[in-house]
Protein chains: 2
Amino acid sequence: MDIHGQRSGSIQSVERAVAVLKLFGEAEPELGVSELARRLKLHKSTVSRLLSTLEAGGFVQQDPRSARYRLGLQLATLAGLALTQYELRDVARPSLQELAIETGETTTLSVIDGMEAVNIDQVLAPHPVKHLGWIGRRLPLHCTAAGKSLLAHLPSGALDGYLARPLARYTARTVTNPELLRRELEGIRARGFAIGQEEYEADLSAVGSAVRDHRDGVVASITVSGPSFRLSPDRLRQLGEAVRLAAAGISARLGHRPAGALALADGRPGDGLPRGVGRALAQARDRALESDAAAAGAGQKSDGCRPPVGVAGPMFGS
Amino acid sequence: MDIHGQRSGSIQSVERAVAVLKLFGEAEPELGVSELARRLKLHKSTVSRLLSTLEAGGFVQQDPRSARYRLGLQLATLAGLALTQYELRDVARPSLQELAIETGETTTLSVIDGMEAVNIDQVLAPHPVKHLGWIGRRLPLHCTAAGKSLLAHLPSGALDGYLARPLARYTARTVTNPELLRRELEGIRARGFAIGQEEYEADLSAVGSAVRDHRDGVVASITVSGPSFRLSPDRLRQLGEAVRLAAAGISARLGHRPAGALALADGRPGDGLPRGVGRALAQARDRALESDAAAAGAGQKSDGCRPPVGVAGPMFGS
DNA sequence: AGACGCTGTTGCAGACTGCGCAACAGGCAT
DNA sequence: ATGCCTGTTGCGCAGTCTGCAACAGCGTCT
C-alpha cells in the first residue's frame, strides 16, 4: 500500500484527480486526455473518467470543439469562499489601499501555504505596467520580497527544513546559497523589511514586511512591487520604511503589542500555543522531522503561521 | 453500477471528494469530519481519508487546534488560472472601469456556467455600502439582472429545460411563474437590458445587458448594481441605457457586427457552429433532452455561451 | 479520394483499492 | 473520574476502479 510513496490513508483516485487539476496549472491551460495521460503516466481511459467526473463537478470544462479540457469556474466559486475565511484581508485592506495611494505602486497581502507564499489580496497601482502577482498566485519563499519577509520569521526548525532542499534559480540575481540567504534573513529581521530585486522575475522589484497577530506570530506579509526602472535602490529603501510602518499598523489592528520584548529572535520553543499542542500539530511536527523533505513542507505549513478564521467579508478585492 | 444515479464512467471517490468541497460552500465554512460524514451520509473513516487526501493537495486545510477542516488556498491558485482563460475579461475591463466611474456604482462581468451566472470580473463602486457579488459568486438566472440578461438569449431548448424546473423564491419580488418570466425575457430582448429589483437580495437592485461575440452568440453579461435606495426606477432606466451601450461597446471589440439582421430572435437552429456539431456537444444535447433536469443543466452549459479561450492576462483584478 | 493516424469515450472482466468495522487516542463537559 | 464527543488508523472483504480492446469522429497525408 505504501509502495508508491503515497501517504497511508490516502485515496488513490482523489490523489490522481488532484494531480490532474494541478497539471493544468503547471503545464498549458488547455490539455487533452491523451496528453494528460502521458504526463501523469496513467491510462487514457482512467484520465478520461477522472475528467468526466471533475467536469460534472464544474472543476474542469470541456471545449466542445476541440474536446480538450481546461479549468472550470467552480474553482473560482470555491476560491472566493476560501478567501472569505481570512478576516485578515478585511483588516489589512484599508492599509493596503492607503499604501498603494501613498506609493503609487501595487500592494499585495500574502500568506504562507505549503512552503510557498500565496497572494490573498491586492490593490493595483493606478497604471500598472503589467499585472503580475494576481490573487492566488504562488511565489517562492527564498527569492521574493513577500517570501523572504515570511521566511525570516519561520520557526528555526521549519527554516532548516526549507534550506535543506536546493533553492531554485530563476534569474541571475537569485540567491541559491543557503548560508548567504540565512545572512540576508538576519538583515531582514534587523531592518524590519525585505528587498527583492529581480531575484524571481526580471525587471520586477519589491519590498515586503511581516504582519504579526496578537500572539506575536507572523501571519502574513505585505509588499509594494513595481517595475525596476521606477524602483531605484534609494526608492526601495524609502518604500521599505513605508511598508514596515504599514505592516506595523496592520499588526496593531490585529492586537499585536509592539513592545515585543519577548520576541527574542526566531525559534521560540513553545510558540505561544495556549493549552496542549493538539495531536494534529504534534503529528505535523513529527512528520516534519522525518527524513522526507516533502513531508517537512507539508508539516510546517501547519505551523505557527496560520491566519485566524472568521466571518464573511469582501473578496477578490477592489 | 448505475444504481445510485451516478453517471456512467464516473469515479465514485472523486465524486465524493467534489461533494465534500462543495459542502464547504453550501454549509458552514468550517466543518468537522463527523459533521461532514453525517451530511453526506458517508462513513467517518471515508470522509477522514478524503479530507486527508485533499489536504495533501492543498484543497482543504485543517485547523490544528479544532481539528476541523476548511477550504484551502490551492483553490485560489487554480481559480486564478481558470480565470486567466477568459480573454473576455481583458477586453471588457476598460469598459467595466469606465462604466463604474460614469455611474458611481459597482460593475460586474458574468458568464453562464452550469445553469447559473458566475461573476468573473468586477470593478467596485468608490464607496460600496456592502461588498456583495464577489468574483466567483454564483447567481440564479431567473431573478438577477445578470442572470436574466443571459437567460433572455439562451437557445429556446435550453430555456425550456430551465423553466421546466421550479423557480426558487428568494424575496417577495422573485418571479417564480415561468410564463411571467418568459414575458419579461421578451421585454429584455426588446429593450436591450434587464432590470433586477430586489428579486434575489433585499435592498439590492441592478441592471444588466448581454455581451455578444463575433458569431453573434451571447457570451457574457455586464451589470451595474447598488443599494436600492440609490437606484430609483428612473435611475435604473438611465443606467439601463448606459449598461446597454457599454455592453454594445464590448461586443464590438469582440468583433460583433451590430447590424444583427440575422439575429432574428432566440432559438436559432444551427447555432452558428462551423463544421460538424462535435460529438461531445451532441451528447450534451442528448443528455439535456433526457428527463433528468440536472443533466439538462450540465448539458446546456456546454452550449453556445462558452467564452473564447486565450492567453494570459490580469486576474482577480483590482 | 482513401486510408491512416490521431483524438476521446465506452463495455467487460479481473484485480487491486477503498470501504466499513472496530478499536484507539485525545479533549471537553458533566 | 466517567462518559461522550471528536478524528485517525489496522484489517479483511466486497465492491470499485483499472486496463484492455474496440469504437467513433477528425484531420492529414499520400
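Computed from a predicted structure; not experimentally measured. Residue numbers begin at 1 in each chain, while the letters A, B, ... track the order of the sequences.
Checked by atom type and distance alone, the side chain of Lys22(B) pairs as donor or acceptor with a backbone atom of Gly57(A) at under 3.5 Å. Listed for the Thr53(A) side chain is a donor-acceptor partner under 3.5 Å among the backbone atoms of Ile11(B). Of the possible donor and acceptor atoms, none in the side chain of Gln61(B) sits under 3.5 Å from a partner among the backbone N and O of Gly72(B). The backbone N or O of Thr77(A) sits nowhere less than 3.5 Å from a side-chain atom of Arg138(B) that would complete a donor-acceptor pair. Here the side chain of Asp213(A) pairs a donor or acceptor atom with the backbone of Asp216(A) at under 3.5 angstrom.
Going from atom CG of Leu36(B) over to atom C1' of dT6(D) covers 13 Å, rounded to whole Å. Note: CD (Gln12(A)) to P (dC17(D)) measures 11 Å, nearest angstrom. Between the CG atom of Asp63(A) and the P atom of dC26(D) there is a distance of 14 Å, given to the nearest Å. In this entry the distance linking CG of Leu51(B) with P of dT6(D) reads 14 Å, nearest Å. One interatomic measurement links the two molecules: CD of Glu15(A) to P of dT16(D), which rounds to 20 Å at whole-angstrom precision. Between Arg16(A) atom CZ and dG19(D) atom P the separation is 6 Å, expressed in whole Å. Atom OH in Tyr69(B) sits roughly 12 Å away from atom C1' in dT6(D) (whole-Å rounding). Atom CZ in Arg68(B) sits roughly 13 Å away from atom C1' in dG7(D) (whole-Å rounding).
Between Gln62(B) and dG7(D), a side-chain N or O to OP1/OP2 separation shorter than 4.0 Å is absent. Contact between the side-chain N/O atoms of Arg38(A) and the OP1/OP2 oxygens of dT7(C) is found at a separation under 4.0 Å. Between Ser48(A) and the phosphate of dT9(C), there is a side-chain N or O to OP1/OP2 separation shorter than 4.0 Å.
Listed candidates were dG7(D), dT8(D), dG19(D). Nearest to the side chain of Thr46(A) is dG19(D).
Looking only at side-chain heavy atoms (C-beta outward), Val33(B) and Tyr69(B) come within less than 4.5 Å of each other.
Closest approach of Arg212(A) to Leu254(A), counting heavy atoms only: O-CD1, 3.7 Å.
Within 4.0 Å of Ser13(B), counting heavy atoms only, lie sugar-phosphate atoms of the nucleic acid but no base atom.
Along DNA chain C, the nucleotide nearest Val14(A) and the nucleotide nearest Gly32(A) are compared for position; the residue whose nucleotide lies closer to the 5' end is Gly32(A).
Counting only N and O atoms by type, the side chains of Ser66(B) and Glu30(B) include a donor and acceptor under 3.5 Å apart.
In the helix from dA1(C)-dT30(D) to dT30(C)-dA1(D), the terminal helix axes, each the rotation mapping four pairs' C1' atoms onto the next four within five end pairs, subtend 30°, rounded to 10°.
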Please write out each protein N/O paired with an N/O of nucleotides 20-23 of chain D under 3.5 Å, distance rounded to 0.1 Å.
unit_1  : atom_1 : unit_2   : atom_2 : d
dC20(D) : OP2    : His43(A) : NE2    : 2.7

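Looking at residues two or more places apart in sequence or on another chain, you find a side chain to side chain contact (heavy atoms under 4.5 Å, CB included) between His43(A) and Ser45(A), Thr46(A).
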